[in-house]
Amino acid sequence: MFGHAVLEPSYRKRTAYQAMLLGGIATLASAVLVLGDMETRDTIALRHAEDLKASLSQVLPDAIHDNDLLSDVLTLPPSQAGSKSVKVYRAHLDNQISAVAYQVSSNGYAGPITCIMGVAANGKILGVRVLAHAETPGLGDKIEIARDNWITSFNGRSLVNTSSQQWQVKKDGGEFDQFTGATITPRAVVKAVHEGLALFDANRVKLLAQKLEDTPEGGTSDE
């Protein structure tokens with residue numbers, strides 16, 4: 001009346017079989033991940049390039065260059081032990097280097113604050129924008145251009161027209177406003193931008209060299 005129970009093959013109980021089965025599943029999963037990565041890699045790279053161009057356009061206006069900003073990139077080596085190399089994007093206008101842009105960072109209240117700044121060939125700041133931060137919403141996020149125009153207070157500043165003492169928030173005797181209840185955040189941005197100008201000044205000849213082969217001290221390109 002009742003069918004016979006189906007017996008599980010004995011080989012399925014063997015440790016070797018189970019290990020092979022798990023290995024096969026792991027291999028299949030890895031293959032799927034690799035294929036997914038290959039399918040999306042170009043799209044992610046394209047989106048990254050678009051985001052970078054959008055950020056650069058805010059600190060290197062179209063009017064001051066006639067080249068693709070991603071086509072002339074220099075990498076400055078670490079200036080000291082523990083520091084990182086700096087990727088610099090150079091703007092050309094009428095076959096002259098008109099400006100450069102690069103990232104700077106400093107630690108704020110809740111972690112690193114990363115900015116991108118554009119500097120004209122004469123050493124004056126063209127613009128600064130915050131790329132990433134974790135500062136307190138409603139307080140520290142006023143460093144974002146979408147929240148407040150505070151970040152534009154750097155425009156036109158240089159090491160010549162703003163002294164070292166002035167490169168601080170007003171609470172510390174400097175020129176830049178702080179935020180009510182969030183002094184650490186603007187202080188960090190001021191510090192990062194000031195150090196960014198010092199980097200430009202120290203590497204001015206290299207950054208403004210007309211051709212890569214004219215770059216002193218073996219400047220390199222990120223092509």
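Since the model is a prediction, treat every value here as computed from it, not as a measurement. When a residue number appears, it is its place in the shown sequence, counting from 1.
- Put simply, the side chain of Asn161 gets close to the backbone of Gly156: a donor and an acceptor are under 3.5 Å apart.
- Atom CG in Asp141 sits 5.5 Å away from atom NE2 in His133 (nearest 0.5 Å).
- Nearest heavy atom pair, residue Trp167 against residue Ser158, reads NE1-O, 3.6 Å.
- In this structure, the side chains of Leu76 and Leu199 come closer than 4.5 Å at one or more pairs of heavy atoms.
- Considering all non-hydrogen atoms of both residues, Leu139 and Ala182 come closest at CB-CB, 4.0 Å.
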- Message: One pair to check against side-chain contact (heavy atoms from CB on, under 4.5 Å): Gln168 and Lys191. What are the steps and the verdict?
- Response: CA-CA 7 Å; Gln168 300 183 75; Lys191 178 177 182 290; over 6 Å; no

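- Cluster membership for Leu60 and Leu52, using ILVMFWY side-chain heavy atoms within less than 4.5 angstrom, is shared.
- The pair Asp72-Arg90 counts as a salt bridge, with a side-chain nitrogen and a carboxylate oxygen less than 4.0 angstrom apart.
- Closest non-hydrogen pair, Arg157 versus Leu197, comes out as O-CD1, 4.3 Å.
- The shortest side-chain heavy-atom distance between Leu208 and Arg204 falls under the 4.5 Å cut-off.
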- Query: Given Phe200 and Leu159, is the side-chain contact (heavy atoms from CB on, under 4.5 Å) satisfied, shown in steps?
  - Reply: CA-CA 10 Å; Phe200 174 84; Leu159 296 181; over 6 Å; no

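- Side-chain contact between Ile97 and Leu207: absent, with no pair of heavy atoms (C-beta onward) separated by less than 4.5 Å.
- At least one side-chain heavy atom of Ile151 sits less than 4.5 Å from a side-chain heavy atom of Val130.
- Within a 6.0 Å sphere centred on CZ of Arg147, heavy atoms belonging to other residues, nucleotides or ligands number 12 at most.
- Looking only at side-chain heavy atoms (C-beta outward), Pro77 and Ser85 stay at 4.5 Å or farther from each other.
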- Message: Please evaluate residues Leu56 and Leu70 with respect to the criterion side-chain contact (heavy atoms from CB on, under 4.5 Å), reporting the C-alpha separation (whole Å), side-chain torsions for both, the decisive distance (0.1 Å), and the verdict.
- Response: CA-CA 9 Å; Leu56 288 171; Leu70 301 184; 3.9 Å; yes

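- Between Lys84 and Pro78 there is no side-chain heavy-atom pair separated by less than 4.5 Å.
- Residue Val189 is not grouped with residue Ile184 when hydrophobic side chains (ILVMFWY) are merged at heavy-atom distances under 4.5 angstrom, including chains of intermediate members.
- Distance alone, capped at 3.5 Å, is enough to place a donor-acceptor pair between the Gln178 side chain and the Lys170 backbone.
- You'll find the side chain of Phe154 reaches within 4.5 Å of the side chain of Val190, heavy atoms only.
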- Message: Could you walk me through whether Val169 and Thr183 satisfy the side-chain contact (heavy atoms from CB on, under 4.5 Å) test, starting with their C-alpha distance in whole Å, then the side-chain angles of each, then the deciding distance to 0.1 Å, before giving a yes or no?
- Response: CA-CA 8 Å; Val169 295; Thr183 302; 4.2 Å; yes

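- Taking the centre of each ring, Trp150 and Phe176 stay at or above the 6.0 Å mark.
- Side chains of Asn203 and Val205 form no contact here, defined as non-hydrogen atoms less than 4.5 Å apart.
- A side-chain hydrogen bond (donor to acceptor under 3.5 Å, both in side chains) check over residues 54-70, counting only residues at least two apart or in different chains, returns the pairs Gln58-Arg129.
- In this structure Lys171 satisfies the salt bridge (Lys or Arg N to Asp or Glu O under 4.0 Å) test with no other residue, sequence neighbours excluded.
- Shortest non-hydrogen contact noted between Ala63 and Leu93 is O-CD2, 4.0 Å.
- Taking CD of Glu175 as the start and OG of Ser153 as the end, the distance is 10.0 Å to the nearest 0.5 Å.
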Show every donor-acceptor pair shorter than 3.5 Å between a side-chain atom in residues 99-128 and any protein atom, with sequence neighbours excluded, or say none if there are none.
residue	atom	partner	partner atom	Å
Tyr102	OH	Gly196	O	2.6
Asn122	OD1	Lys124	N	3.0

